[in-house]
Amino acid sequence: MNKFARTRRAFWGDVRFLIGIVLVVLSIGGVWAVVTASGATTPVLQATRTIVRGETLVSGDFRVIDVGLGTIADRYLAPQDLRPGLVASRTVASGELMAGSSTEDADDSRTTTIVVESSTGIPADVDAGTVVELWHAPPLDDDEGTLDAPRILVADASIASVITTDAMLAAGGTSVEVVIDRAEVAEVLAAITGGSVLSIVPVGSTP
């Protein structure tokens, strides 16, 4: 074997050795990056109460907590992200981290609130944030006060608040403030003024 062949093998051996060192360094660097990222925390907003869809977001409804979210930290609201004009685009439960996707500008919101009286009352576990159906039984044109079969008036509403007074309890009814799409307001008001009997039914229940 000539001297050139031995030199060539030695050269490639050195190259492989250097490549091995580079791979080891990269591997160690990757592990260090993962460990560092997993240990890092980010200050984000956590709801201190149930926030209903369409409700204005204010600092008093949140606390700031440090959470290790890694690469998804930018999906949640940091304290500096809370600005005037933001509303909830869905109901946010108490204790839930406030995701950016759960907010929208008030000018873009398609929801509003309206107060209706449920003639049949509501279950005890229905509270602010509960998703419900609004049913109505319209009167028939028979001058006898007969009601038509109940039907769904609004299929996806949220309870903003429950309003109960002694007079309402005596009459067997309860007023609730519900969040609905603006496009449904006219139909709901027509049902109320038209004499329909309204009922609040939690989603998944039978009226």
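Computed from a predicted model, the values in this text were never measured in an experiment.
Pro202 is listed as a side-chain neighbour of Pro123, based on a closest heavy-atom distance under 4.5 Å. In this structure the side chain of Thr103 never reaches within 4.5 angstrom of the side chain of Ser89, judged on heavy atoms. For the pair Pro139 and Ser196, the minimum side-chain heavy-atom distance is below 4.5 Å. Proximity of Val176 to Val126: side-chain heavy atoms (C-beta onward) are nowhere separated by under 4.5 Å. Between Val154 and Val178, the closest side-chain pair of non-hydrogen atoms is not below 4.5 Å. Contact check for Leu198 versus Glu117: no side-chain heavy atoms found under the 4.5 Å cut-off.
Heavy-atom minimum distance, Ala137 versus Leu147: O-CD2, 3.6 Å. Smallest separation of non-hydrogen atoms from Leu77 and Gly100: CD2-CA, 4.2 Å. Across all their heavy atoms, Ala149 and Pro138 have their closest contact at O-CD, 4.2 Å. The nearest pair of heavy atoms linking Ala47 to Ala93 is CB-O, 3.7 Å. Of all the heavy atoms in Ala191 and His136, the pair that sits closest is CB-ND1, 4.0 Å. Nearest heavy atoms, Thr50 versus Glu55: O-OE1, 4.5 Å.
Put simply, Ile159 and Ile180 are part of the same group of oily side chains (I, L, V, M, F, W, Y) that touch within less than 4.5 Å, one to the next. Hydrophobic clustering, with ILVMFWY side chains joined whenever heavy atoms are under 4.5 angstrom apart, groups Ile65 together with Tyr76. The cluster map of Ile, Leu, Val, Met, Phe, Trp and Tyr, joined by side-chain heavy atoms under 4.5 Å apart, puts Val52 and Leu57 in different clusters. Side-chain heavy atoms closer than 4.5 Å link hydrophobic residues (I, L, V, M, F, W, Y) into clusters, and following such links, possibly through other members, connects Leu153 to Ile114. Note: the hydrophobic cluster containing Val185 also contains Val116 (ILVMFWY, side chain heavy atoms under 4.5 Å, direct or indirect links).
Distance check: Leu97 CG to Ser102 OG gives 10.5 Å after rounding to the nearest 0.5 Å. Note that CD1 of Ile200 and OG of Ser175 are 10.0 Å apart. Values are rounded to the nearest 0.5 Å. Ile122 contributes atom CD1, which lies 8.0 Å from atom CG of Asp127 (distance to the nearest 0.5 angstrom). Note: Ser199 OG to Ile152 CD1 = 12.0 Å, rounded to the nearest 0.5 Å. With rounding to the nearest 0.5 Å, the separation of OG in Ser94 from CD1 in Ile51 is 8.5 Å. Atom CG of residue Leu86 and atom CD of residue Glu104 lie 9.5 Å apart, to the nearest 0.5 angstrom.
Atom CD of Glu187 sits in a sparse spot, with 12 or fewer heavy atoms from other residues, nucleotides or ligands closer than 6.0 Å. Around atom CZ of Arg49, more than 12 heavy atoms belonging to other residues, nucleotides or ligands sit under 6.0 Å away. Counting non-hydrogen atoms of neighbouring residues, nucleotides and ligands closer than 6.0 angstrom, the CZ atom of Arg75 reaches no more than 12 such neighbours.
Evaluated for a side chain to side chain contact (heavy atoms under 4.5 Å, CB included) with Asp148, the options Asp141, Leu140, Val197 yield exactly one hit, Leu140.
In this structure a side-chain-to-backbone donor-acceptor pair under 3.5 Å is present from Thr193 to Leu189. Without hydrogens or angle criteria, Gln46 side chain to Gly95 main chain gives a donor-acceptor distance under 3.5 Å.
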Leu45 vs Val64, side chain to side chain contact (heavy atoms under 4.5 Å, CB included): CA-CA, chis, key distance, verdict: CA-CA 5 Å; Leu45 297 178; Val64 179; 4.0 Å; yes
Go through Arg83 and Asp105 one step at a time and tell me if the side chain to side chain contact (heavy atoms under 4.5 Å, CB included) criterion holds. CA-CA 10 Å; Arg83 54 180 175 78; Asp105 288 324; 2.9 Å; yes
